[in-house]
Amino acid sequence: MPFDPLQQEPQIQQRWDEAQAFRAPHASELKPGDKTFYMLVMLPYPSGRLHMGHVRNYTLGDVIARFRRMRGYKVLNPLGWDSFGMPAENAAIKHGIHPAVWTKNNIKEMKAQVQKLGISYDWDREIATCLPEYYRWNQWFFLKMWEKGDVFRAMRNVNWCEALGTVLANEQVVDGKDERTGHPVVQKPMEQYFFAITKYADELLACHDQLDWPENVKTMQRHWIGKSVGARLQFTFTDGKQVPVFTTRLDTLYGVTFMALSTEHPFIKEAAQTDPGLQAFCDQVAGMSREDRLMSDIKLGYRSRLEAVHPFTGEKIPVFAANYVLMDYGTGAVMGVPAHDERDNAFALKYGLPIPKVIESENPWEEGVLVNSGEFTGMTSEAAVDAMVAKLGGSAERAVTFKLKDWGLSRQRYWGTPIPTVHCPACGVVPEKAENLPIRLPEDVAFVGKGASPLTTSKSFLDCACPRCGGPGRRETDTMDTFVDSSWYWMRYLDPRNSEAPFAKAEADAWSPVDLYIGGIEHATMHLIYARYFYKIMRDLGMTEGDEPFKKLICLGMVLKDGFKMSKSKGNIVDPDEVVAHYGSDALRLFMIFAAPIEKEVDWTGFEGIDGATRFLRRLTRMVEDHPLCSDPIPAKDALTAEERALQVKIHQTLHKVTDDLSHRYQFNTLVSSLMELANALGDLPKDAPHRGPIMQRALEIVTLMLSPVAPHLAEQLWNQLGHEGFCMHAAWPECDPQWLTADEVTVVIQVNGKVRGRIMMPASATEDERRAAALACPEAQHHIEGKEIVKVVVPPGGKLVSIVVK
RNA sequence: GCGAAUGUGGCGGAACUGGUAGACGCACUGGAUUUAGGUUCCAGCGGUUCACACCGUGCGGGUUCGAGUCCCGCCAUUCGCACCA
């Protein structure tokens, strides 16, 4: 049977389907001693079309899932849809399609595309976050967290477009204007719901130790969480107001020459009411585009009429409103120490403030010994902090702050999980009763792209009874951030039809935590921190054991086209469907795996690489076709020819390497090249080799088994052609034979003064002295040694090299 | 701006612990087979050079018998920055 993927692949997929080959057992079906492996890929957004990034991600996951099955593991490999979010609502505004219809169509289309790839998903586990059966559990978690005291309401800025009367997402705001209509956008505080994730900040940092994750991801998370140890102290204004300030450098207190408060700080707002100049400055900052505020190093300030009093010297200190002080970090107020803080320094130079030096150290921004600091002069920075806290008495204390902010989850949108609370004139904001869940999204809404959330237009949704007093109430119209959906979805895969709970504890015990999680590096901080947080919440609710949801993490690089991210707007999309229709999925999978190491971005240069993958698969097929089946055993080592022995070594070394790549190194591109090398070696075995039959039989079996995770369809075909019944994917992974792992002879490289001058073949068993002697005797080396003094000869362990140093 | 990463032939990449730079593949060149080819097979393929040899892993320094790999300083590109998912 030739290589004919377009004909064969659908048939093989149908056979797998009929045999339920990918079904994962539930907890009750697992036997004691069963090894389990939970393989997870990040939940995709159903944009409508699959792209190459998905193909890469799912193929990698599938390679691991299939490999683990062959190693005897029970494997759970699910997929679902992150199906709430803005694009559906945008489609509704633009094309008048209901978000639910648009989303459902997209899922259908993308699922069909994924299925053509032959990924071994257990589709019985499929979930979609936009279905009430799913999002009711978001609501359930919200209520549990409310009970736990982990939900609160507070003010935070949103992107407000006055002309549209709408809140906009960051990505909709370009240069301080609505991307679509060009109307100006300002920062406006709005009352919102929050999850108190900062309660878990310390634990999120500490648990990194348990994780087999890339170091760079852990580092990014550490910086994101941003723990700072320092002190909080009160400054008093001349009008008697107390202003708390957090500082990591209390030791520089004598160097304070100004204070800077956020433009959103309540005292600044109050002062602005009687200070038109200050008000204008605050308006200017509120209207600054997000990029400008975040990404420029331009420090802007405005000197208010407020004055603070230095707690030790009693000197009056000017108070500025400044764009670089953030209201949601620390206390929204900083003490300005221009001599010892880089940003304060730039600010002081710009506004002509004094810059007195109070620390003697090598680098002005680092700790040292205090000078010009009254009674504290001469102390080290460390000692001074304790002394100052003591001297300041009740108005100062040691404190810790985090850059991590509490998780604002309110969205003023339709296509998301309704937040299950009720506004009651008598009781205030009241959580819904658990038995009333799910609070369903209403259908009778209009999508116009301006004004408040569409939910505010649905009378049937708005009118409800207060869960506490039973009086008339108004339902909350905010929906949840879609990050809530993706913060626990992998647990729902364990028990997707459960109508009593998000999942049964027994299922969590059987499968959690996830053994390997694969997804994009772009999720390094937000999603992966929220998901870890939710897992700790689930643990604290007694729903699962353990601290961390994802034991091992692999982050993929992006798939680019001509150096750019593939995107509709650039018109550089390569459609996987077209490739599969032309080359079949095995060739696409093989090429995706082979093209680049997984953590690197890969540029989709065109179809030439796939031609190469196809050539390789065709060549293997031909080798199997040309091979007459043989059931003779392979004779003992001594009976084989030198060529046959060398091939046996190559076969088993390759098997060893591929097994290692798949189980430990998680390096996949080299796995493919090893297979190609082995195929080349098999092709070189002479047709008249005396034991060709049994050697080739076993070699082709091993190659087919190793190919199976990457190109599973062809592997099934070849497996049957090699005389085996049943599925290759259910066959056991081959074991390598230790007697064939070491070659009889090795090449020893001879260097003279660091340059390679010769190579000699030596028995692998040669001693260090024998290698040294042979190297010195080698004619090519002699040529470079002659007439010179030998300073030393280095023979490093490993036996592959001798380095001679001459003068 | 802040945080994280990446940089090796014409191209994608390999080199796992500091030890043969360029495995494997693509593209290209020459040859053979074929009625034909998006077929197959053989050979070549970093640069300079007749050769010996020398140069060569983004750039500039350093450590070492030996550096793509380690250290210091730059440059370029990519990802993230809290309402995109």
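Order of the sequence lines fixes the chain letters, A, B, ..., with proteins taken first and strands second; residue numbering starts at 1 for each chain.
For B:C83, its base never sits under 3.5 Å from the side chain of A:Glu171 at any donor and acceptor pair. Judged by atom type and distance alone, A:Tyr583 reaches the base of B:G38 through a side-chain donor-acceptor pair under 3.5 Å. Between the base of B:G80 and the side chain of A:His223 there is no donor-acceptor pair shorter than 3.5 Å.
The nucleotide whose nearest atom lies closest to any side-chain atom of A:Asp82 is, among B:A85, B:U20, B:G25, B:A85. Taking every side-chain heavy atom of A:Arg759 into account, B:U20 is the closest of B:U20, B:A85, B:C16. Here B:A85 is the nucleotide among B:A4, B:C24, B:A85 with the atom lying nearest to any side-chain atom of A:Asp481. Of all nucleotides listed (B:A14, B:G80, B:C84), B:G80 comes nearest to the side chain of A:Thr525. Nearest to the side chain of A:Tyr45, among B:C81, B:A14, B:A85, sits B:A85. Comparing atom distances between the A:His523 side chain and each of B:C54, B:A85, B:G38 picks out B:A85 as nearest. Nearest nucleotide to the side chain of A:Arg615, out of B:C65, B:C26, B:C41: B:C26. Closest contact between the side chain of A:Phe594 and the listed nucleotides B:A14, B:G12, B:C83 involves B:G12. Picking from B:A53, B:C83, B:C24 the nucleotide with the shortest atom distance to the side chain of A:His784 gives B:A53. Taking the side chain of A:His582 as heavy atoms from C-beta on, and the options B:C83, B:G38, B:C54, the nearest nucleotide is B:G38.
Between A:Arg222 atom CZ and B:C81 atom C1' there is a gap of 18 Å when expressed in whole angstrom units. Between the C1' atom of B:G13 and the CG atom of A:Asp661 lies a distance of 14 Å, rounded to the nearest Å. Between A:Asp4 atom CG and B:G38 atom P there is a gap of 18 Å when expressed in whole angstrom units. Rounded to whole Å, the distance from NZ on A:Lys800 to C1' on B:C16 is 10 Å. Whole-Å rounding puts the A:Glu89 CD to B:C83 C1' distance at 12 Å. Atom CG of A:Leu675 is separated from atom P of B:G25 by 12 Å (rounded to the nearest Å). Atom NZ in A:Lys600 sits about 8 Å away from atom C1' in B:G12, given to the nearest Å. Summarising the geometry, the separation between CZ on A:Arg49 and P on B:A85 is reported as 22 Å, rounded to the nearest angstrom.
For B:U8 and B:G47, the C1' atoms lie 14 Å apart once the distance is rounded to whole Å. When the P atom is compared between B:C59 and B:G10, the two are found 13 Å apart, to the nearest whole Å. Taking the C1' atoms as reference points, B:U69 lies 15 Å from B:G62, given to the whole Å. When the P atom is compared between B:G38 and B:A43, the two are found 24 Å apart, to the nearest whole Å. A gap of 26 Å separates the C1' atoms of B:G68 and B:U49, to the nearest Å. Rounded to the nearest Å, the gap between the P atom of B:U6 and that of B:U17 is 14 Å. Taking atom C1' on both nucleotides, B:U29 is separated from B:G46 by 16 Å, rounded to a whole Å. The C1' atoms of B:A27 and B:G9 are separated by 12 Å, rounded to the nearest whole Å.
Among the heavy atoms of the strands, none lies under 4.0 Å from A:Glu179. Residue contacts for A:Lys218: at a heavy-atom cut-off of 4.0 Å it reaches no nucleic acid atom on any strand shown. The residue A:Thr670 sits close only to the backbone: its heavy atoms come under 4.0 Å of sugar-phosphate atoms, none of a base. Among the protein residues, A:Ser486 comes within range of no part of the nucleic acid, since none of its heavy atoms lies under 4.0 Å from any strand. Contact annotation for A:Trp224: base contact, defined as any heavy-atom pair under 4.0 Å involving a base atom. Counting any heavy atom pair closer than 4.0 Å across all strands shown, A:Val167 reaches a base atom. Using a 4.0 Å heavy-atom cutoff across all strands shown, A:Arg413 reaches at least one base atom of the nucleic acid. Residue A:Val158 is classed as a base contact, given a heavy-atom separation below 4.0 Å to a base. When heavy atoms are screened at a 4.0 angstrom cut-off, A:Arg757 is found touching the sugar-phosphate backbone but no base atom. Residue A:Ala524 is classed as having no contact, given no heavy-atom separation below 4.0 Å to the nucleic acid. Note on A:Pro597: only backbone sugar-phosphate atoms sit closer than 4.0 angstrom, heavy atoms only; bases stay farther off.
Checking side-chain atoms of A:Asp406 against main-chain N and O of A:Thr198 turns up a donor-acceptor pair under 3.5 Å.
The six-membered or imidazole ring of A:Trp81 lies away from that of A:Tyr489, with a centre-to-centre distance of 6.0 Å or more.
Taking only side-chain nitrogens and oxygens, A:Arg619 comes nearer than 4.0 Å to OP1 or OP2 of B:C41. At least one side-chain nitrogen or oxygen of A:Asn680 sits closer than 4.0 Å to the OP1 or OP2 atom of B:G25. Within the 4.0 Å cut-off from OP1 or OP2 of B:A15, at least one side-chain nitrogen or oxygen of A:Arg665 is found. Taking only side-chain nitrogens and oxygens, A:Gln667 comes nearer than 4.0 Å to OP1 or OP2 of B:A15. Put simply, A:Asn669 has a side-chain N or O that comes within less than 4.0 Å of OP1 or OP2 on B:A14. One finds no side-chain N or O of A:Thr219 lying less than 4.0 angstrom from the OP1 or OP2 phosphate oxygen of B:A4.
A:Asp344 and A:Tyr324 share a donor-acceptor pair across their side chains, judged by distance under 3.5 Å alone.
As the counterpart of B:C54, B:G47 is assigned, both hydrogen-bonding distances of the Watson-Crick or G-U wobble pattern falling under 3.5 Å. B:G25 is paired with B:C11 under the Watson-Crick or G-U wobble criterion, all donor-acceptor distances under 3.5 Å. Figure legend. B:G3 is base-paired to B:C79; pairs are counted as Watson-Crick or G-U wobble with both atom distances under 3.5 Å. Across all strands shown, nothing is found opposite B:U69 as a Watson-Crick or G-U wobble partner with both distances under 3.5 Å.
Applying the 90° cutoff around 0 to the glycosidic angle, B:G46 is assigned anti.
Within a 6.0 Å sphere centred on CZ of A:Arg156, heavy atoms belonging to other residues, nucleotides or ligands number more than 12.
Comment: A:Lys650 engages A:Glu677 in a salt bridge, judged by a side-chain N to carboxylate O separation of less than 4.0 angstrom. Between A:Asp661 and A:Lys657 there is a salt bridge, since a side-chain N of the basic residue sits under 4.0 Å from a carboxylate O of the acidic one. Salt bridge A:Glu768/A:Arg771: absent, no basic N to carboxylate O contact under 4.0 Å.
Put simply, the residue from A:Tyr533, A:Tyr134, A:Tyr530 that forms a ring pair (Phe, Tyr, Trp, His ring centres under 6.0 Å) with A:Trp488 is A:Tyr134.
Atom CG of residue A:Asn138 and atom CZ of residue A:Phe84 lie 8.0 Å apart, to the nearest 0.5 angstrom. Atom CD of A:Gln192 sits about 7.5 Å away from atom CG of A:Asp478, to the nearest 0.5 Å.
Positionally, the nearest nucleotide of RNA chain B for A:Val217 lies more toward the 5' end than for the other of A:Gly408 and A:Val217.
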